[in-house]
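All remarks here apply to the structure that follows.
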There are 2 protein chains.
Amino acid sequence: MKVTRETDYAIRAVLLLSEDRGKTLPVSALSEKMDLPRSFLAKILQKLSRAGIVESIRGASGGYRLKRNPSRISLYDLYKAVQGEFVVNECAVEGRVCSRKERCAVHPVWKKIEREAVREMKKHSIASLSGEKSSQRS
Amino acid sequence: MKVTRETDYAIRAVLLLSEDRGKTLPVSALSEKMDLPRSFLAKILQKLSRAGIVESIRGASGGYRLKRNPSRISLYDLYKAVQGEFVVNECAVEGRVCSRKERCAVHPVWKKIEREAVREMKKHSIASLSGEKSSQRS
DNA sequence: AGGAAACAGGATAAAATTTGTCCGATATGA
DNA sequence: TCATATCGGACAAATTTTATCCTGTTTCCT
């Protein structure tokens with residue numbers, strides 16, 4: 001549940017990509033700007049690619065570019081693409097049964113915290129975070 | 001930030017201790033009721049003891065008992081006693097500087113999620129979770 | 001006084017997760 | 001064809017989580 005470096009980097013990378021909207025940047029360019037290992041960032045961008053947030057262009061003069069409008073990419077989208085479901089307590093994961101049979105009175109609290117956090121993350125788009133006026137083109 | 005087994009066990013242990021209010025239970029009794037390793041639970045209870053939530057009685061017929069009224073023990077108290085500060089993103093920890101010099105637009109979002117989660121955890125006491133009418137005795 | 005029951009706390013260790021690294025395969029533009 | 005990129009899997013280091021064990025100390029009971 002804690003935001004890992006991967007997710008942190010993912011957000012920063014997407015913020016960078018949203019600056020040069022439409023531009024395609026190779027991983028090397030991004031990793032230099034962000035001053036972090038290219039190979040690690042490459043893995044992260046692959047996850048974002050599978051999630052349909054960025055688009056990869058292979059071959060020479062290839063790289064990554066945004067696939068969606070920055071106004072339609074939320075922090076939650078990025079969190080989920082990189083870390084998966086947002087979970088506060090393993091014991092409260094849907095479909096998994098609490099080890100104790102008796103009803104756990106604490107479950108609802110974890111669930112509420114989850115809902116609130118997810119709602120907050122969904123409220124903020126890359127566009128709003130970069131202070132960009134969200135254009136309406138998809 | 002994610003709730004670990006330690007914290008989960010701590011909550012359950014304190015709920016058990018609040019059932020027999022005032023009673024002193026040895027770790028072995030608690031670990032049997034909870035069906036988990038005594039040595040692991042012992043470490044957790046030591047943390048709770050240092051935090052002033054439970055009280056240890058040494059020697060034969062010793063054990064642990066609540067030190068505070070269940071209505072004055074919140075989930076947050078337990079979380080903090082076991083896991084320390086509640087942190088959503090390491091980069092947003094107070095006093096630690098974000099690796100990037102530029103102001104990070106995402107910080108405030110993590111901070112807000114932290115505040116909301118802590119507030120939610122503070123709202124729920126052991127007394128309210130066990131459905132007990134919170135007595136007024138300290 | 002002596003033995004048994006119980007906590008205190010440090011050292012150790014297994015397992016899982018996080019944080020990377022590396023390399024061969026594949027795609028593509030010039 | 002060559003240089004530049006991504007793709008994806010295997011590998012590895014560091015950290016955190018989840019414990020276990022052992023020695024020491026305290027206290028009750030006989």
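Below, chains carry the letters A, B, ... as their sequence lines are ordered, and counting in each starts from 1.
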>> If you compare all heavy atoms of Leu36(A) against all heavy atoms of Arg12(A), which two are closest, and at what distance to 0.1 Å?
In response: CD2-NH2, 4.3 Å
> Shortest non-hydrogen contact from Val109(B) to Glu120(A)?
Replying inline: CG1-CG, 4.2 Å
>> Determine whether Gln83(B) and Thr7(B) satisfy the following criterion, side-chain contact (heavy atoms from CB on, under 4.5 Å), listing intermediate values before the conclusion.
In response: CA-CA 7 Å; Gln83(B) 291 187 243; Thr7(B) 302; 2.7 Å; yes
> Is Leu17(A) reachable from Ile57(A) through a run of I, L, V, M, F, W or Y residues, each pair having side-chain heavy atoms under 4.5 Å apart?
Replying inline: no
> Just by protein heavy atoms under 4.0 Å, how would nucleotides 12-17 of chain C read 5' to 3' in B, S and -?
Replying inline: ------
>> Output the rounded distance in Å from CD (Glu32(B)) to C1' (dA5(C)).
In response: 14 Å
>> Within the 4.0 Å limit for protein heavy atoms, which parts of nucleotides 6-18 of chain D are touched? Write it as a string from 5' to 3', B for base, S for sugar-phosphate only, - for none.
In response: BBBBB-------S
>> Grouping I, L, V, M, F, W and Y whenever their side-chain heavy atoms are under 4.5 Å apart, do Phe40(A) and Leu25(A) come out in a common cluster?
In response: yes
> For the helix from dA1(C)-dT30(D) to dA30(C)-dT1(D), what is the angle between the axes at its two ends, each from 5 pairs, rounded to 10°?
Replying inline: 10°
> Which atom names give the shortest non-hydrogen contact between Tyr64(B) and Gln46(B), and what distance separates them?
Replying inline: OH-CG, 3.8 Å
>> How close do Leu30(A) and Ala13(A) get, counting heavy atoms only, and between which atoms?
In response: CD2-O, 4.3 Å
>> So Lys43(B) and Lys47(B), do their side chains get closer than 4.5 Å, heavy atoms only?
In response: no
>> Would you compute the distance between atom NZ of Lys123(A) and atom CZ of Arg119(A) and round it to the nearest 0.5 angstrom?
In response: 6.5 Å
>> Strictly distance-based, threshold 3.5 Å: is any side-chain N or O of Asp35(A) a donor or acceptor partner for the main-chain N or O of Glu32(A)?
In response: no
> Rounded to the Å, how far apart are Leu41(B) CG and dA6(C) P?
Replying inline: 14 Å
